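The block underneath contains the structure these notes are about, expressed in structure tokens.
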Amino acid sequence: MTRDPAWLAAFQAGAFFFVLGLVLVLVLLPWWLARVERARWRPLRRMLALAALQAHRDCGENVVALSRQFFRENAGAPLDRLIRARRAIERQQSDGARFARMVSVYAPAVDARHAALLADTAALAELAEHTLAGLTRLYLGQATVRVGANAVHGDDQLGYASAQLVSLSYIAEMEALADGFADAAAEHRGRMEGALGRKARKAARADLDRIGADVAMLGADVRRFCGRLQAADAGDSTYKTRERGERGARTLDGLIARFDRG
């Protein structure tokens with residue numbers, strides 16, 4: 001029978017189709033299962049990418065809100081400015097916690113690409129909170145603070161005298177905080193746009209450009225503010241004997257309590 005040409009041809013044809021079917025199963029089945037798995041998690045991964053986009057917006061808006069109170073429009077009522085600065089810090093803390101909860105809920109949908117994006121986003125949120133706290137500490141630590149006897153005839157003041165003496169390290173730390181956040185936000189935007197779909201990326205471009213321009217201005221805000229100060233070495237006798245205004249509580253909450261007469 002094995003020498004029968006017809007049987008041998010039929011056997012070879014059957015073996016060929018068997019091997020072909022086996023190869024197709026081994027190759028196409030994993031490919032098909034991978035496609036099904038991607039389709040299954042695609043909506044959740046899209047939500048994670050959009051959550052990273054929202055976190056990026058929040059970080060930029062909160063940092064700019066604080067910069068506006070201390071470095072751009074620093075001429076309003078001290079209590080109002082301090083309260084707005086505290087709200088910016090509290091919003092950033094809340095926004096960061098909300099993003100962390102979102103990631104924990106949708107963790108099963110995370111793949112390698114989105115894991116890198118989410119890690120960068122969490123780091124950006126943490127850096128934004130660190131930047132807000134650092135800029136606030138530096139600003140209030142050297143600011144002139146005077147609280148009048150009453151709100152109408154008082155001498156309320158929170159700010160800096162013209163050409164006020166500050167240490168070189170003060171200016172260096174202020175500028176490093178602003179530049180560090182601006183650089184991190186720009187890098188995060190690039191990774192985030194790579195994870196967004198083309199349609200979502202196009203829809204968010206104008207908003208991201210606006211936030212990017214505001215964040216880039218943070219460094220300019222700080223440099224303009226520092227340019228009005230007089231930097232000196234901390235060992236300089238003039239710096240050591242400079243007027244620092246009324247010494248007392250320098251924490252944000254402590255100063256709010258001092259200015260709040262209600």
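Keep in mind the model is a prediction, meaning the values are calculated, not measured.
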Validation row: Val64, Leu218 side chains within 4.5 angstrom (heavy atoms): no
Which atom of Ala128 lies closest to which atom of Phe181, heavy atoms considered: CB-CE1, 3.6 Å
With the 4.5 Å side-chain cut-off for hydrophobic clustering, are Tyr160 and Val222 part of the same group? yes
Contacts of type side-chain hydrogen bond (donor to acceptor under 3.5 Å, both in side chains), residue Glu193, not counting sequence neighbours: Arg189
Nearest 0.5 Å, what's the CD-CG distance between Glu90 and Leu132? 11.5 Å
Across all chains, not counting sequence neighbours, the side-chain hydrogen bond (donor to acceptor under 3.5 Å, both in side chains) partners of Arg224 are Asp221
Only pairs at least two apart or in different chains count here, so list each salt bridge (charged side-chain N to carboxylate O under 4.0 Å, His left out) that has a residue in residues 50-65. Arg57-Asp207, Asp58-Arg98, Glu61-Arg210
Say you draw a straight line from CG of Leu135 to CD of Gln69; how long is it, rounded to the nearest 0.5 Å? 13.0 Å
Are Phe99 and Val103 side-chain neighbours, meaning at least one heavy-atom pair lies under 4.5 Å? yes
Salt bridge (charged side-chain N to carboxylate O under 4.0 Å, His left out) between Arg91 and Glu129, intermediate numbers included: CA-CA 10 Å; Arg91 277 196 304 269; Glu129 187 173 341; over 6 Å; no
Enter the distance from Arg250:CZ to Leu252:CG here, rounded to the nearest 0.5 Å. 12.5 Å
How far apart are the closest heavy atoms of Ala161 and Thr144, and which atoms are they? N-OG1, 4.4 Å
The side-chain hydrogen bond (donor to acceptor under 3.5 Å, both in side chains) partners of Asp236 (sequence neighbours excluded) come to Thr238
Test item: Leu82 and Leu140 side chains (from C-beta on) under 4.5 Å apart, heavy atoms: yes
Residue pair Leu165 / Leu229, side-chain heavy-atom distance below 4.5 Å: no
Could you pull out every donor-acceptor pair under 3.5 Å between side chains of residues 118-127 and any protein atom, sequence neighbours left out?
| from | atom 1 | to | atom 2 | distance (Å) |
| --- | --- | --- | --- | --- |
| Asp120 | OD2 | Arg191 | NE | 2.3 |
| Thr121 | OG1 | Leu117 | O | 2.8 |
| Thr121 | OG1 | His188 | NE2 | 2.7 |

Using the rule side-chain contact (heavy atoms from CB on, under 4.5 Å), only one of Val147, Val145, Leu79 pairs with Asp156; which is it? Val147
Could you work out, with side-chain hydrogen bond (donor to acceptor under 3.5 Å, both in side chains) as the rule, every residue matching Asp179, not counting sequence neighbours? Arg223
Flag the pair Gln157 / Phe259 as yes when at least one side-chain heavy-atom distance between them is below 4.5 Å, and no otherwise. no
Kindly give the heavy-atom pair with the smallest separation between Leu138 and Glu173, and that separation in Å. CD2-OE1, 3.6 Å
Leu168 and Ala231 have their tightest heavy-atom pair at CD2-CB, 3.4 Å
Would you check if the side chain of Arg81 reaches a backbone N or O of Leu158 as a donor-acceptor pair within less than 3.5 Å? yes
Please test Phe225 against Phe70 for ring pair (Phe, Tyr, Trp, His ring centres under 6.0 Å), starting from the C-alpha separation and ending with a verdict. CA-CA 9 Å; Phe225 168 77; Phe70 289 158; 8.9 Å; no
Just wondering, do Ser162 and Arg228 contact through their side chains at under 4.5 Å, heavy atoms? no
Just by modelled atom types, is the Ser167 backbone N or O under 3.5 Å from a matching donor or acceptor in the Gln230 side chain? no
